[in-house]
Number of protein chains: 2
Amino acid sequence: MANKRTKQSDALRAAQMYYLQDQTMDAIARELRTSRSTVSRLLSAARETGLVQIQVKTPADRAPELERAIRKRYQVEVHVVPVSDTLDEMDVLDRVSMQAARTITPLVDSNAVIGVAWGSTLSAVSRHLTRKTTHGTTIVQLNGAGNTQTTGITYASEIIRRFGSAYGAKVEQFPVPAFFDHAETKRLMWEERSVRRILDLQERMTIAIFGVGSMNADVPSHVYAGGYLDSTDLDELEASGVAGDVATVFFRDDGSDTGIVLNDRSSGPSLDSLRRVRRRICVVSGAKKIKGLRGALAAGLATDLILDEGTARELVEADAHSSDPIFGFLNSLDGL
Amino acid sequence: MANKRTKQSDALRAAQMYYLQDQTMDAIARELRTSRSTVSRLLSAARETGLVQIQVKTPADRAPELERAIRKRYQVEVHVVPVSDTLDEMDVLDRVSMQAARTITPLVDSNAVIGVAWGSTLSAVSRHLTRKTTHGTTIVQLNGAGNTQTTGITYASEIIRRFGSAYGAKVEQFPVPAFFDHAETKRLMWEERSVRRILDLQERMTIAIFGVGSMNADVPSHVYAGGYLDSTDLDELEASGVAGDVATVFFRDDGSDTGIVLNDRSSGPSLDSLRRVRRRICVVSGAKKIKGLRGALAAGLATDLILDEGTARELVEADAHSSDPIFGFLNSLDGL
DNA sequence: AGCCTTTCTGCACGTTTGTGCAAACAGGTT
DNA sequence: AACCTGTTTGCACAAACGTGCAGAAAGGCT
């Protein structure tokens with residue numbers, strides 16, 4: 001009858017005693033015949049591996065005004081992340097991504113096919129994922145990340161790997177460049193069976209997770225500055241009135257995307273196919289993304305929106321600010 | 001723009017920062033411009049009012065052996081509450097009831113009709129309920145508690161009141177004696193419209209929560225000792241081979257209840273009508289209840305069982321003895 | 001307004017918890 | 001057996017936390 005005491009089972013026991021029976025770690029340690037520090041570590045492990053799940057749920061009827069306003073105006077499930085407005089951009093990203101990670105986890109269930117984009121936001125989110133055991137889940141990369149000169153974007157694969165290991169899922173990379181040089185090359189590649197496999201997976205996505213890029217006059221974000229596009233491309237984007245992008249697919253302020261030729265060379269999923277995904281989670285941190293965010297919302301790209309309080313506030317307030325000098329200032333801070 | 005800072009909204013904010021963003025209470029206090037102790041209290045309140053929900057979920061495939069054995073043998077969803085075997089009876093009850101309360105809460109949702117029995121176990125459970133906001137929920141008392149001489153059982157109403165306030169539910173008391181002196185009186189009362197209302201509610205229960213009474217030679221439980229039954233009744237129970245009861249309705253070892261005349265005078269729901277309830281949660285603490293528990297399981301009264309480790313062990317072991325020794329051996333292995 | 005009752009707040013203190021570090025241990029290799 | 005390497009454990013200390021208490025603030029009532 002001697003129960004084999006695995007670390008797992010001890011962690012479970014400890015978690016039950018701590019979270020369900022309100023015992024102190026000390027008491028648990030005595031019962032488990034080990035030291036208190038070990039119990040502390042067991043509990044960390046239990047949380048880390050998803051044995052313990054903590055969620056904060058807003059009773060909807062008494063959600064803060066901001067959330068209600070956004071939910072009503074844009075028809076999205078919204079989570080406003082409270083942050084003090086004195087925090088710097090990095091800290092905000094950190095907090096938003098942490099809360100995003102914890103908000104996403106309960107939405108993931110077995111046999112999900114999760115599409116994940118890349119970028120500084122997603123990278124941050126991936127770093128804060130809490131584990132959850134699922135079966136038959138697949139993580140699929142939404143758009144290519146290929147680009148010769150920048151090294152920092154090795155994390156495209158790193159990001160989806162982290163998602164994979166958090167959910168015990170199979171990961172499918174998308175080994176193509178973010179943008180092809182020639183639309184024709186893309187068209188041909190899209191016929192390749194290796195690529196088709198990924199595209200088919202993308203068609204079967206049940207969840208998509210992405211940030212937004214914002215096309216700002218002065219300081220364009222990652223994609224716009226990272227060497228993916230040359231100045232001709234940038235001029236063209238500007239000429240087409242592009243507001244931002246999701247997974248390297250561009251759109252305008254009003255959500256339209258017709259006639260943006262660069263999209264023909266982009267490896268990301270068309271807005272239409274993205275819109276077919278059941279659950280589309282958009283994570284945004286920092287008010288400088290607001291232009292892109294508005295476009296994305298106008299395009300109906302998101303079903304769920306997670307963003308920081310400051311940006312949320314900007315979003316509901318009048319567009320009057322869009323040419324405010326303070327904007328230029330914020331933008332010039334541009335992290336990562 | 002001045003956000004009215006209610007206590008609720010502060011608690012929500014604090015909870016998000018603490019549980020979702022891993023901030024320390026100190027940091028939260030600074031952001032909220034209050035003292036750390038207030039934050040500590042806000043967080044307690046947030047937990048207390050169900051704003052924060054913590055659950056420990058066993059991945060089923062790696063549930064402890066005991067749980068698997070019971071689940072397999074009796075076809076019930078089982079939660080074994082880990083307790084050191086050196087604890088005294090009161091402590092065990094405390095822990096089991098605490099964990100039971102936290103296990104039950106997530107099962108409750110809006111518009112549920114919850115039947116609740118009474119007794120020392122249920123009393124303990126009711127004292128540890130964590131709040132959860134629901135709508136249209138009703139708590140209905142399963143069986144009468146009337147009895148002139150004992151005072152302690154004022155808690156029959158106290159118990160369901162606590163359930164009610166935990167879920168913001170309407171409570172329906174059942175103001176009849178636990179046992180009628182004459183079956184005929186009960187029959188007539190059961191026609192009264194005031195009583196019918198309760199009985200109808202009981203028919204519509206979606207969840208029932210109860211302990212078990214056990215008919216032991218040496219230590220009869222509450223109902224058997226509390227002055228509800230006289231010695232004639234007790235003799236009769238013994239003669240009928242009664243093993244125990246649920247909500248003052250009796251049954252034998254094998255789960256049968258035909259021919260137990262006392263049931264005709266009992267105010268509790270018939271076993272048949274109990275079995276019609278979707279979710280039937282049985283809470284058991286202490287090995288001396290095992291006789292009654294076995295009967296209840298044989299009768300198929302429970303869909304969910306919450307019990308302490310010691311009793312769980314007895315349940316699988318002693319059961320092994322009762323049939324074949326080799327069976328017992330097999331049972332103890334019982335992998336997956 | 002004045003008084004009383006109730007709730008809320010911050011402080012101070014003791015308790016509980018996280019974590020760097022060094023020793024103990026486990027597993028593999030020569 | 002001796003050695004190396006990577007993990008686990010308990011200790012000790014610092015950080016984080018809960019709570020009784022006394023004063024402050026907020027209602028209620030005359």
Side-chain angles (χ1 to χ4, degrees), chain A residues 2-54 56 62 82 84 87 91 94-95 98-99 101-102 127-128 130-131 165, chain B residues 2-54 56 62 82 84 87 91 94-95 98-99 101-102 127-128 130-131 165:
Chain A
N3 265 333
K4 53 187 179 239
R5 288 193 28 184
T6 114
K7 193 182 158 185
Q8 275 283 336
S9 74
D10 272 3
L12 179 63
R13 252 183 114 92
Q16 293 186 118
M17 295 201 229
Y18 189 80
Y19 288 106
L20 265 22
Q21 299 174 18
D22 285 348
Q23 303 285 301
T24 94
M25 294 187 182
D26 218 10
I28 299 172
R30 279 196 299 277
E31 257 178 53
L32 255 47
R33 284 199 185 58
T34 180
S35 75
R36 197 186 47 72
S37 16
T38 299
V39 174
S40 172
R41 284 185 266 253
L42 281 175
L43 289 172
S44 306
R47 283 189 301 267
E48 186 53 40
T49 59
L51 246 165
V52 174
Q53 295 193 5
I54 300 181
V56 176
R62 55 176 66 132
S84 128
L87 256 47
D91 285 332
D94 216 52
R95 305 256 210 117
M98 198 176 300
Q99 188 159 336
R102 305 220 166 140
R127 242 176 289 118
H128 293 298
T130 51
R131 220 158 289 248
S165 79
Chain B
N3 264 332
K4 53 184 180 245
R5 287 195 27 185
T6 119
K7 192 182 160 186
Q8 275 283 337
S9 75
D10 273 3
L12 178 63
R13 250 182 116 93
Q16 292 186 122
M17 294 200 226
Y18 190 79
Y19 289 106
L20 265 22
Q21 299 175 18
D22 285 347
Q23 302 287 301
T24 88
M25 293 187 181
D26 220 10
I28 298 172
R30 278 195 301 276
E31 256 178 55
L32 254 49
R33 287 203 183 57
T34 178
S35 75
R36 195 185 49 71
S37 16
T38 298
V39 174
S40 172
R41 284 185 266 253
L42 282 175
L43 289 172
S44 307
R47 284 189 300 265
E48 185 54 39
T49 58
L51 246 168
V52 173
Q53 296 193 7
I54 300 182
V56 177
R62 57 178 60 134
S84 130
L87 257 46
D91 285 333
D94 216 52
R95 304 254 212 121
M98 199 176 301
Q99 188 160 336
R102 305 219 167 141
R127 242 175 290 117
H128 293 298
T130 51
R131 220 157 290 245
S165 79

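Below, all heavy atoms of this structure are taken into account, side chains as well, without hydrogens, waters or symmetry copies. Order of the sequence lines fixes the chain letters, A, B, ..., with proteins taken first and strands second; residue numbering starts at 1 for each chain.
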Check: So, for A:Pro82 and B:Met17, which heavy atoms are closest and what is the spacing to 0.1 Å?
Finding: CG-CG, 4.2 Å

Check: Rounding to a whole Å, what distance do you find between A:Leu42:CG and C:dT19:P?
Finding: 14 Å

Check: Would you say A:Glu31's side chain and B:Ser84's backbone share a donor-acceptor pair under 3.5 angstrom?
Finding: yes

Item checked: Residue pairs involving residues 19-28 of chain B (criterion salt bridge (charged side-chain N to carboxylate O under 4.0 Å, His left out); sequence neighbours excluded) -> A:Arg102-B:Asp22, B:Asp26-B:Arg30

Next item on the list: Estimate the overall bend of the helix from C:dA1-D:dT30 to C:dT30-D:dA1 from the end axes over five pairs each, rounded to 10 degrees.
Entry: 30°

Margin query: What is the distance, to the nearest angstrom, from the CG atom on B:Leu32 to the C1' atom on C:dC8?
Written below: 15 Å

Next item on the list: Figure out the CD1/P separation between B:Ile28 and D:dA16, and round it to whole Å.
Entry: 12 Å

Note to self: Once side-chain hydrogen bond (donor to acceptor under 3.5 Å, both in side chains) is applied, do any residues pair with A:Gln53, and if so which ones, sequence neighbours excluded?
What the structure shows: none

Checklist line | Partners meeting side-chain hydrogen bond (donor to acceptor under 3.5 Å, both in side chains) with A:Thr49 (sequence neighbours left out) | finding: none

Note to self: How many whole angstroms separate atom NZ of B:Lys7 from atom P of D:dA25?
What the structure shows: 18 Å

Check: Can you find a pair of side-chain heavy atoms, one from B:Asp10 and one from B:Thr34, that are under 4.5 Å apart?
Finding: no

Notebook entry, point to check: What is the per-nucleotide protein-contact pattern of nucleotides 17-24 of chain D, from the 5' end, where B denotes a base atom under 4.0 Å from a protein heavy atom, S denotes such proximity for sugar-phosphate atoms only, and - denotes neither?
Noted result: BBBB----

Checklist line | Within-4.5 Å side-chain heavy-atom neighbours: A:Leu43 and A:Tyr19 | finding: yes

Notebook entry, point to check: Is there any salt bridge (charged side-chain N to carboxylate O under 4.0 Å, His left out) pair reaching into residues 36-46 of chain A, and which pairs are they, with sequence neighbours excluded?
Noted result: none

Next item on the list: Name the nucleic acid region contacted by A:Thr38, choosing base, sugar-phosphate or nothing; use a 4.0 angstrom heavy-atom cut-off, strictly under.
Entry: sugar-phosphate

